[in-house]
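Only one structure is covered here, and it is reproduced in the block below.
Proteins get letters first, then strands, A, B, ... in listed order; numbering begins at 1 in each. Please read these numbers as outputs of a predicted model, since none were measured by experiment. Side chains are part of it too, since the values below use all heavy atoms of this structure and drop only hydrogens, waters and symmetry mates.
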Amino acid sequence: MFKWLDPYAKPETLYRICGLWFPWLMTAAVATLLLGNLWGLAFTPPDYQQGDSYRIIHIHVPSAIWSMGAYSSMAIAAFIALVWQVKAAQWAVGAIAPIGAVFTVIALFTGAAWGKPMWGTWWVWDARLTSQLILLFLYLGVIALAGAFADRQTGAKASALLAVVGVVNLPIIHFSVEWWNTLHQGATITKFAKPSIDASMLWPLLISILAFGLILAALTCLRLKTAILENEQHRPWVRQLAVSLAATPAKGSIAKSVTKEEV
Amino acid sequence: MVMFKAAFVREWRLLARQKADWLNPLMFFLIVLTLFPLGIGAKPNLLAEIAPGIIWIAALLSVLLGAERLFKDDYRQGVLEQLVAAEQPMLAYVLAKIVSSWCSTALPLLLMSPLIALLLGLDSAAWLAVFLTLLLGTPLLNLLASLGAALTLSADKGGILLALLILPLYIPLLIFASAAVDQASLGLDYSAQLAVLGAMLCLSLALVPLAVLKALKLNVG
Amino acid sequence: MRAVFSKSSADPVFTASNLCCVRQDRILFEAVNLHLAAGQLLQIGGKNGAGKSSLLRILAGLAQPDDGIVLWNEQPLADSDFSQHLCFIGHLSGIQPQLTALEHLEFWQASFGLKPADGYEVLAVLGLAGLEDIPCQLLSAGQQRRVSLARLWLTDRSLWILDEPFTALDQSAIVLLQRKFTEHLAQGGGIILTTHQPLTQHFPAAQLLELAYRW
């Protein structure tokens with residue numbers, strides 16, 4: 001069914017594709033990020049209830065959404081890697097994991113920063129923040145497992161399996177933490193993601209969400225390129241690439257060009 | 001079936017000859033349980049309130065402690081690679097391992113549960129809830145622990161990594177099991193929580209052994 | 001019923017072409033070709049670290065090659081019934097120290113579908129009479145190796161892949177094992193092994209594949 005995708009799974013092709021996409025994705029990401037965040041942080045009207053402190057929503061909500069989006073993408077790549085034995089998908093798992101983990105940390109910090117003016121404390125065990133914390137542990141687990149093996153390929157495969165196991169557990173964990181929260185916390189706190197949000201605040205939020213998604217895509221391209229080079233370094237096409245790059249030293253550098261014999 | 005019986009008999013013999021493999025986690029469980037009143041305070045009201053959580057945390061930690069040995073010896077001695085090469089019914093082998101580890105860690109816990117209830121000041125309704133949640137929950141603990149053991153089989157420093165990977169997956173179990181015992185000590189109905197535990201167990205029984213198989217194969221390869 | 005290696009003893013049934021293995025980002029070996037027909041013995045030689053065990057694991061279907069393919073009866077290993085014809089004994093002995101030799105045989109018989117046989121007899125042939133009921137940790141390394149090789153006396157599978165089977169064996173055990181190999185080859189089976197022992201005396205028709213040390 002997916003035979004047409006086969007040529008794209010070749011590391012060399014994938015390397016070129018990522019190289020082509022990366023500049024566009026990065027430019028778009030930076031542009032939308034500046035647009036969305038500047039607009040949201042500086043130019044939207046203050047909330048009638050929370051005043052100015054709600055503005056962090058433009059960072060908190062996109063990073064929270066994409067922390068889960070990154071985990072899903074990672075799990076899809078892991079599934080492809082396990083079922084169809086595609087090596088490039090294994091490397092994609094390792095590429096996405098740290099980005100997702102950083103998004104989760106941003107969501108936690110901004111969530112805490114938002115909490116201070118609203119609840120008076122930096123941390124509260126509410127459903128969302130606790131779920132994010134557990135998601136961070138899941139990410140750290142995937143990253144740790146990949147690095148725990150002497151053979152890098154075994155590590156990549158094991159962490160792919162763990163990512164798939166985690167994604168199955170993710171809804172279960174999410175709902176049980178929500179249920180636990182209603183049990184122990186009493187009334188729910190806010191409706192910051194519910195649709196009763198004014199249009200003037202909605203648009204910068206949506207643009208920020210798009211921006212974070214583009215950042216995820218751009219950084220994944222970059223990390224995947226590095227992973228492909230790392231794992232394929234014994235192949236002739238990588239050697240040729242290294243030779244051609246070394247033969248044209250960067251401006252201002254004092255690197256001598258390397259001859260073929262030395263490589 | 002033949003394979004399951006042979007593997008189970010083998011596991012049983014190994015456990016009987018290496019008693020430390022199952023006695024140590026049990027002692028760990030009791031000691032951790034004792035640490036809580038010592039660390040937090042032994043007021044009966046306080047103890048009864050935190051007892052459900054303590055029992056379950058101690059149980060999951062002790063299962064994780066004993067999980068590493070599950071496949072490690074067979075991997076180190078080359079038994080696993082022979083089984084994988086011959087593509088033997090590995091599923092039967094894995095199930096035999098999980099069932100025997102459940103028998104060796106959970107059965108003693110279940111038998112000790114009246115003692116635990118006594119130590120933590122739980123009444124008989126709460127004790128019944130502890131017993132039932134342990135009955136439904138410990139297979140789940142063992143299943144996930146075996147997954148962790150299979151994943152970290154050829155990793156260095158596998159032991160603590162195993163715990164780090166599997167503890168987040170234990171959280172839903174912890175939430176529902178301790179809530180069930182909580183409800184019981186308040187005299188309320190807790191069959192809903194038990195049903196959720198049962199559902200999680202069924203899902204794991206269906207999916208986890210396959211994941212364990214995959215993890216074993218990729219570690220041996 | 002003994003599994004037959006191939007219909008005609010001249011056809012290679014087990015072939016590998018263009019195998020490549022990468023370890024720690026360096027190529028261990030590449031463009032390795034081999035074939036095996038019924039009644040043939042293939043020895044894989046090379047210095048320590050040349051990749052013999054890695055090659056053997058690829059041939060046994062445990063590991064995937066980074067390039068190339070292994071065929072059994074002209075089908076890729078994963079798609080064929082190869083694993084039912086394979087008896088693999090790796091570098092590790094497969095012996096649990098707490099179990100006795102008889103208990104090992106019992107487990108192997110159940111898990112590998114071996115011929116039902118008298119365990120005492122087999123162990124006596126292997127020179128372990130009187131040691132059947134004690135935990136294997138009390139046996140010497142050579143005796144443990146003899147127990148692990150007992151599978152060969154009980155199996156009816158046609159292809160044997162063995163990694164350093166002569167490790168720790170004394171002279172009489174080596175002779176015993178070589179005789180067993182001759183018997184197996186005469187019955188139409190195939191053997192692939194790695195060893196540092198010279199085999200040419202006993203097996204003049206053996207193929208030798210030398211792996212170059214590339215690190």
Mind listing the closest non-hydrogen atom pair of [X] and [Y] along with its distance?
X: S111(C); Y: L83(B); answer: CB-CD2, 3.9 Å
X: V2(B); Y: A110(C); answer: CG1-CB, 3.9 Å
X: G90(C); Y: E81(B); answer: CA-OE2, 3.5 Å

If you count heavy-atom pairs within less than 4.5 Å of chain B, which of S83(C), A63(C), P97(C) leads? S83(C)
Quick one: which of A60(C), P135(C), S93(C) has the most heavy-atom pairs under 4.5 Å with chain B, could you say? S93(C)
With a 4.5 angstrom heavy-atom cut-off, could you sort out which part of [X] is near chain B: side chain, backbone, both or neither?
X: I95(C); result: backbone
X: I89(C); result: both
X: H104(C); result: neither
X: T100(C); result: both

Report the distance from atom [atom1] of [X] to atom [atom2] of [Y], rounding to the nearest 0.5 Å.
X: F107(C); Y: M3(B); atom1: CZ; atom2: CE; answer: 4.5 Å
X: Q98(C); Y: L15(B); atom1: CD; atom2: CG; answer: 10.5 Å
X: R17(B); Y: Q96(C); atom1: CZ; atom2: CD; answer: 10.5 Å

Given a strict heavy-atom distance threshold of 4.5 Å, which part of A7(B) is in contact with chain C: side chain, backbone, both, or neither? both
Segment of Y75(B) engaging chain C (4.5 angstrom heavy-atom cut-off): backbone
Does R10(B) reach the main-chain N or O of E106(C) with its side chain, forming a donor-acceptor pair under 3.5 Å? no
Would Q82(B) and L92(C) count as a side chain to side chain contact (heavy atoms under 4.5 Å, CB included) if you check the C-alpha gap in whole Å, the side-chain angles of each, and the deciding distance to 0.1 Å? CA-CA 10 Å; Q82(B) 289 187 10; L92(C) 303 160; over 6 Å; no
Is R179(C) atom CZ crowded by more than 12 heavy atoms from other residues, nucleotides or ligands, each under 6.0 Å away? no
Take a 6.0 Å sphere around CG of L110(B) and say whether it holds more than 12 heavy atoms from other residues, nucleotides or ligands. yes
